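Chain naming here is simple, since letters A, B, ... match the order of the sequence lines and numbering starts at 1 in each. Scope of the values below: all heavy atoms of this structure, side chains included, with no hydrogens, waters or symmetry mates. None of the values given here were measured: they were computed from a predicted structure.
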Amino acid sequence: MTQLRLHNTATRKAEDFTPIDPNNVRMYVCGPTVYDRAHLGNARPVLVFDVLYRLLRHIYGADHVTYVRNFTDVDDKIIARAAEAGREIDAITTETTRWYLEDMAALGAMEPSAMPRATQYIPQMVAMIEELIAKGNAYAAEGHVLFAVDSYADYGRLSGRSVDDMIAGARVEVAPYKRNPMDFVLWKPAKDGEPGWESPWGRGRPGWHIECSAMSYELLGATFDIHGGGNDLMFPHHENEIAQSCCAHPGGSFANVWLHNEMLQVEGKKMSKSLGNFFTVKDLLDKGYPGEVIRFVMLSTHYRRPMDWTEKKAEEAEKTLRKWYALASSAQADGAPPAAVINALADDLNTHKALAECHQLAAAQDATALRASLEQLGLIGEEAPRWAAEAEVDLSAFETRLSDLRMEAMASKDFTGVDQLKAALIDAGVEVQMSKVGVSLTPQAGFDPAKLEALK
RNA sequence: GGCGAGUUGGCGGAGUGGUUACGCAGCGGAUUGCAAAUCCGUGUACAGGAGUUCGAUUCUCCUACUCGCCUCCA
């Protein structure tokens, strides 16, 4: 069996991965807050952990991996969005959830085994908070319930911070009811008109962090294998999850391995609305970037390095994929991915190296192995995507015409007419190939039938 | 201020204590009426300084610079 190695944020080292139960490898990834279309940055963790999910299924068997990714459907941003749009919260979260799944599917991401919504687990969260209060790790104050960071000695360990340092550098305003400035909210009161649930502390709603602790416990247990997300979640979100879960379930160790992907940039800069380089996955898809191209670009940088999205990369990716699909389409979809590809992925998800292996397979014209590799990487399904297939245009009339012209020119040595037609065809986005065998015309990416029409 | 990541050839981007990354672009050649496509060949890079070592791009330390997080944006 392939030995998987993963870089564990908790230890800052690459470690051999050993599942708690090889018959049920369990992974939890923090999902989106559903209030708007997913932007390109949201797609990165989805794709990183999709690659890991596929790899785990390959190594341990498709039926022996449980992958949970949550939807945060109660949150300040959602409430604000509903208020400004004058819509029901439920309508927004339902719609956004659907968008999210559609957009991620377009990128070739498989759906996780379970996708719990926070609002479905309120009683479990309340129970967990009660447990934390009973154990002395949390306290109620002015309608809020707060986690007492002083009660958990290891607080800050994951992100390498000490509570004292954090207080020194904190820029947040400290609520007067907090015992320690770093104490964070488990439960907060709901204002009139805001969504809320009855609880021992009055009508309110959960803080952000508790949902992941509650849902991972319900679905994966007190100890599971892998917990992932973007590295911006390391602090405070994951730090807080650890504190909550380890204090509520002292017998468990929560997640054994922590994986964090680096952030995404666009043309060398942080993606932000103010820089005008902010866009959603849907924006890119609508602009004509196929999902496979986006996925390829994402996978071409290692997940722990900043990923820079550029137009140039997307163009190169499309050219490469066209070539690969043309070759892979000639193979049956039943091959096993070569060891080199699996080993690359097993080495802390070295997706770039896996793609490099695909280049080698393509160069060697190994269609079967290439196809299997693309399947493993989620770049091909039942068949090659339609955008990469040759356009269904009948160019045989032009082929004959060009061929005849060429034969005449060969004899007369006057190639003017041939060159004119050739130039016009190229201008219309047609690839022109002339050899001893004959003339071959192939529509390219920028094929323009209108220009062709003018040649008739 | 605190924490963390990074600095590789024209560009992108892996990796390694002493041997070729790979892709794209470029250059030379084959092929072609000319091209395109394809094939063959081609580039000796690793921020700076010190140290460890027989030997460092790869390990350690320092410096510079870049970037991210600390603000419930992945």
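For A:E316, whose side chain is taken as the heavy atoms from C-beta onward, the closest listed nucleotide among B:G23, B:A74, B:C70 is B:G23. For A:F415, the listed nucleotide lying nearest its side chain is B:G33; candidates were B:A74, B:G33, B:C70. Side-chain proximity of A:T301 to B:A36, B:A14, B:C67: nearest is B:A14. Set against B:C24, B:G33, B:C72, the side chain of A:K319 has B:C24 as its closest nucleotide. Looking at the side chain of A:W208, the nearest of the listed nucleotides B:G33, B:C72, B:C67 is B:C72. Of all nucleotides listed (B:A14, B:C34, B:G23), B:A14 comes nearest to the side chain of A:H302. Listed candidates were B:G13, B:C22, B:A74. Nearest to the side chain of A:K313 is B:G13. Of the candidate nucleotides B:G6, B:A74, B:G33, B:G6 has the atom nearest to the side chain of A:R305. The side chain of A:K312 sits closest to B:C11 out of B:C11, B:A37, B:A74.
Across all strands, A:M271 comes closer than 4.0 Å to no nucleic acid atom at all (heavy-atom distances). Residue contacts for A:V46: at a heavy-atom cut-off of 4.0 Å it reaches no nucleic acid atom on any strand shown. Within the nucleic acid shown, A:H260 has no heavy atom closer than 4.0 Å to any nucleic acid atom. No contact: A:T72 has no heavy atom under 4.0 Å from any strand. Note on A:E357: nothing from the nucleic acid sits closer than 4.0 angstrom, heavy atoms only. Nucleic acid contact for A:L264: base, since at least one base atom lies under 4.0 Å from a heavy atom of the residue. Nucleic acid contact for A:K413: none, since no nucleic acid atom lies under 4.0 Å from a heavy atom of the residue. Within 4.0 Å of A:Q433, counting heavy atoms only, lies at least one base atom of the nucleic acid. Within the nucleic acid shown, A:K188 comes within 4.0 Å of at least one base atom, counting heavy atoms only. Across all strands shown, A:H359 has heavy atoms under 4.0 Å from sugar-phosphate atoms exclusively, and none from any base. Within 4.0 Å (heavy atoms only), A:S440 reaches no atom of the nucleic acid at all. No contact: A:D75 has no heavy atom under 4.0 Å from any strand.
OP1 or OP2 of B:G15 sits under 4.0 Å from a side-chain N or O of A:N350.
Nucleotide B:A25 has no partner under the Watson-Crick or G-U criteria, as no pair reaches both atom distances under 3.5 Å.
On a pure distance criterion of 3.5 Å, a polar donor-acceptor pair joins the side chain of A:D76 and the base of B:C72. Between the base of B:G33 and the side chain of A:D419 there is a donor-acceptor pair shorter than 3.5 Å.
When the nearest nucleotides of RNA chain B are assigned to A:P45 and A:Y303 by heavy-atom distance, the more 5′-ward of the two goes with A:Y303.
With hydrogens and angles ignored, the 3.5 Å screen pairs a side-chain donor or acceptor of A:D73 with a backbone N or O of A:T119.
Between the side chains of A:D75 and A:T72, no donor-acceptor pair is found at a separation under 3.5 Å.
A salt bridge links A:R295 with A:D50: at least one charged nitrogen is closer than 4.0 Å to a carboxylate oxygen.
Remark: A:D225 engages no residue in a side chain to side chain donor-acceptor pair (under 3.5 Å) (not counting sequence neighbours).
Relative orientation of the A:F147 and A:F184 rings is parallel, given thresholds of 30° and 60° on the angle between their planes. Taking the six-membered ring where tryptophan is involved, the planes of A:Y155 and A:F235 are perpendicular, since the angle between them exceeds 60° and thus also 30°.
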